[in-house]
Amino acid sequence: MTADYNLLILGATPAAIALAQQARRWQARVALVYPPGSWGAIDRDRLLMRCLLQSASVSEAIAAAQDLVERLEWLQGPIALEQAGIDVVASHWKATRSRRVVDCGDRQLEARQIWQAQPTGAEATPLWDLLTTDPLPRSVTVSGDRAIALGVAQALARHGWDVSLATPAIWVSWEPAVVQRLQAQCQAEGIQRLEQCDQKMAPSELSLNYFQPDPLPLLPGSRAIAANLSSAEVRAIAQQSLFGWPRGRSTPVPQQVVEMEPAAAQVGLTEAQARRRYGDRVEIVTASWQQHPEALIRDQTAGFLQLCLLRNGRLLGASWVAENAAELVAPLSLAIQTRRSLPALLGLWPDSSFGQVLEHLLADWETQRNQRGWRRRLLSEWQIFWRSTF
């Protein structure tokens, strides 16, 4: 049996499901195939970690997380996708002689575009397994290269566990200022930081591993869906796959988020990457949330914002620590992708602590720019001309 689709998606990651839903909104014929028992649309450990950070007891956090999982299964589960008009097939797949046909056991699915999702690591649930074991170990080592490991370590430490953190690979890609703030937060929480995971642990100790899985080999003719895609990138992929435009898609902006309290995020280039590419034309401006009234009123003063700019004000990258850091990832990524300058960002966040911080950073950047020799001489000559003329 052969079925014809506009879009065939292999895998059930959050990005893959978002791509299927977006294509279906545009009335495309979409099929989504996933291996049985590997529905990875819901990151259970991330939900449980958030509930632990906001709950007073472990039992309360588990009950809240179970309720969230049940609700999300209705919104992002196979039944919800089928009700939206997407053909969901639980089967393993393999390649055929045709680059447009995929063999799914008793069915052969043909599509004009085939996308294969890369694993995100959400299928593994070591935190969920830990809290549902009996008896509970009280000494835990959290290791891995995924950012969720930091939030899990903080959540367990706040509920009385002795936590060791072995995540040296996470710190490499972050700005030094963000790394110092996160490491200081871990020290304040009583988390022991290890340079590498100790293999000679005590018998009562348990290790929670959060490593990014290896990418899957692609079928001939298929393209990869990255593990972490923003909604704008998913929409662009669906638009290009179905309509063929825009032909030249811009390169996605790198994004990272650490869900701790306070959270941290980073988009675009770091200072080291920008200086390797642009040299001395790079400027760095930094501001703390403690300097602005709106942040003081809302009691959200923990953290800072650092922008990486060119001399003309174009935004290259940003890193920040804030209470709701993830909310700023999408707009700042869009600003970097569209080559916006710092003055163009003013007015987008009126009457907010972020808008006040941007005004402060703009003032600092203009001060740095005006301190250069030719600008200072030009300003002085203009003032002399103005006074002598008028």
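No side-chain heavy atom of L358 sits under 4.5 Å from any side-chain heavy atom of L362. Counting heavy atoms from C-beta on, the side chains of I9 and I225 come closer than 4.5 Å. You'll find the side chain of V30 stays beyond 4.5 Å of the side chain of Y5, heavy atoms only. Contact of the E259 side chain with the R50 side chain is registered, since non-hydrogen atoms from C-beta on lie closer than 4.5 Å. The closest side-chain heavy-atom distance from L68 to C51 is below 4.5 Å. Looking only at side-chain heavy atoms (C-beta outward), W171 and L150 come within less than 4.5 Å of each other. Between L19 and L7, the closest side-chain pair of non-hydrogen atoms falls below 4.5 Å. At least one side-chain heavy atom of C308 sits under 4.5 Å from a side-chain heavy atom of V282.
Within the 3.5 Å criterion, the main-chain N or O of R29 finds a donor-acceptor partner in the side chain of N6. With E323 contributing its side chain and A263 its backbone, the two residues share no donor-acceptor pair below 3.5 Å. With hydrogens and angles disregarded, no donor-acceptor distance shorter than 3.5 Å links the side chain of R193 to the backbone of A166. Panel note: side chain S55, backbone S57; no donor-acceptor pair is recorded below 3.5 Å. Under a 3.5 Å cut-off, the side chain of Q337 and the backbone N or O of L332 do not form any donor-acceptor pair. Judged by distance alone, the side chain of E271 and the main-chain N or O of L307 form no donor-acceptor pair under 3.5 Å. For the pair H159 (side chain) and L52 (backbone), a donor-acceptor distance under 3.5 Å is present. With hydrogens and angles ignored, the 3.5 Å screen pairs a side-chain donor or acceptor of T132 with a backbone N or O of W128. At distances below 3.5 Å, at least one donor-acceptor pair connects side-chain atoms of T13 with backbone N or O atoms of A16. When atom types are taken as modelled, the side chain of Q118 and the backbone of L216 share a donor-acceptor pair closer than 3.5 angstrom.
The CZ atom of R181 sits 5.5 Å away from atom CZ of F304, with the distance rounded to the nearest 0.5 Å. To the nearest 0.5 Å, atom CG of residue D162 and atom CG of residue L156 are 11.0 Å apart. Annotation: the span from L8 atom CG to R100 atom CZ amounts to 11.5 Å, rounded to 0.5 Å. Summarising the geometry, atom CD1 belonging to I86 is positioned 7.5 Å from atom CZ belonging to R24; distances are rounded to the nearest 0.5 Å. Expressed to the nearest 0.5 Å, how far CG of L219 lies from CZ of R99 amounts to 10.5 Å. In this structure, T125 OG1 and D43 CG are separated by 9.5 Å, a value rounded to the nearest 0.5 Å.
Among Q154, Q54, R158, the single residue meeting the side chain to side chain donor-acceptor pair (under 3.5 Å) criterion with E261 is R158.
For the residue pair R223 and Q113, a side-chain donor N or O sits within less than 3.5 Å of a side-chain acceptor on the partner. For the residue pair Y210 / D145, no side-chain donor-acceptor distance below 3.5 Å is found, with atom types taken as modelled. Between the side chains of E70 and Q66, no donor N or O sits under 3.5 Å from an acceptor N or O.
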Practice item. Take L109 and W93, measure what side chain to side chain contact (heavy atoms under 4.5 Å, CB included) needs, and give me the verdict at the end. Key: CA-CA 10 Å; L109 305 182; W93 60 81; over 6 Å; no
Point to revise | Trace of the side chain to side chain contact (heavy atoms under 4.5 Å, CB included) decision for V152 with D45 | key: CA-CA 8 Å; V152 169; D45 269 19; 5.5 Å; no
Practice item. Determine, step by step, whether L316 and L309 satisfy the side chain to side chain contact (heavy atoms under 4.5 Å, CB included) criterion, reporting the C-alpha distance in whole Å, the side-chain angles of both residues, the deciding distance to 0.1 Å, and the verdict. Key: CA-CA 5 Å; L316 298 177; L309 309 167; over 6 Å; no
**Study point:** Steps toward side-chain hydrogen bond (donor to acceptor under 3.5 Å, both in side chains) verdict (Q22, R25)
**Key:** CA-CA 5 Å; Q22 181 61 59; R25 292 190 196 103; 3.1 Å; yes
Check your understanding: Checking side-chain hydrogen bond (donor to acceptor under 3.5 Å, both in side chains) for the pair D103/T96: CA distance, chi angles, key distance, verdict?
Key -> CA-CA 6 Å; D103 187 1; T96 62; over 6 Å; no
**Study point:** From CA spacing to verdict: side-chain hydrogen bond (donor to acceptor under 3.5 Å, both in side chains), W115, S241
**Key:** CA-CA 9 Å; W115 288 85; S241 300; 3.0 Å; yes
Practice item. Test side-chain hydrogen bond (donor to acceptor under 3.5 Å, both in side chains) on S173 and Q256 and set out the steps. Key: CA-CA 9 Å; S173 58; Q256 298 184 85; 2.9 Å; yes
Review point. Can you check side chain to side chain contact (heavy atoms under 4.5 Å, CB included) on W320 and V267, steps first, answer last?
Key: CA-CA 9 Å; W320 62 98; V267 296; 3.9 Å; yes
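Hydrophobic cluster membership is shared by L208 and V258, with clusters built from Ile, Leu, Val, Met, Phe, Trp and Tyr side chains linked at under 4.5 angstrom. L48 and L72 fall within a single hydrophobic cluster, where Ile, Leu, Val, Met, Phe, Trp and Tyr side chains are chained together by heavy-atom contacts under 4.5 Å. Under the 4.5 Å side-chain heavy-atom criterion for grouping Ile, Leu, Val, Met, Phe, Trp and Tyr, V321 is not connected to I284 through any hydrophobic cluster. With hydrophobic clusters built from ILVMFWY side chains whose heavy atoms lie under 4.5 angstrom apart, L305 does not share a cluster with L310. One hydrophobic cluster holds both L53 and L165 under the rule that ILVMFWY side chains link at heavy-atom gaps under 4.5 Å.
Residues A265 and W174 come closest through the heavy atom pair C-CZ3, 3.6 Å. The two atoms that bring N209 and S207 nearest to each other are OD1-OG, 3.0 Å, heavy atoms only. Across I170 and R146, no two heavy atoms sit closer than the pair CD1-O, 3.2 Å. Scanning both residues, G105 and S91, for their nearest heavy atoms gives N-OG, 4.1 Å. Smallest separation of non-hydrogen atoms from F243 and W26: CE1-CE3, 3.7 Å. Among all heavy-atom pairs drawn from Q306 and A177, the shortest one is OE1-CB, 4.1 Å.
Under 4.0 Å is where a charged nitrogen must lie from a carboxylate oxygen, and between D4 and R112 at least one such pair does. We find that E73 and R44 are joined by a salt bridge, their nearest charged nitrogen and carboxylate oxygen being less than 4.0 Å apart.
Environment of CZ in R71: sparse, with no more than 12 heavy atoms of neighbouring residues, nucleotides or ligands closer than 6.0 Å. With a 6.0 Å radius and a threshold of 12 heavy atoms from other residues, nucleotides or ligands, E60 has its CD atom above the threshold. I79 CD1: 12 or fewer foreign heavy atoms inside a 6.0 Å radius. Around atom CG of N312, more than 12 heavy atoms belonging to other residues, nucleotides or ligands sit under 6.0 Å away.
Residues passing the salt bridge (Lys or Arg N to Asp or Glu O under 4.0 Å) test with E175, sequence neighbours excluded: none.
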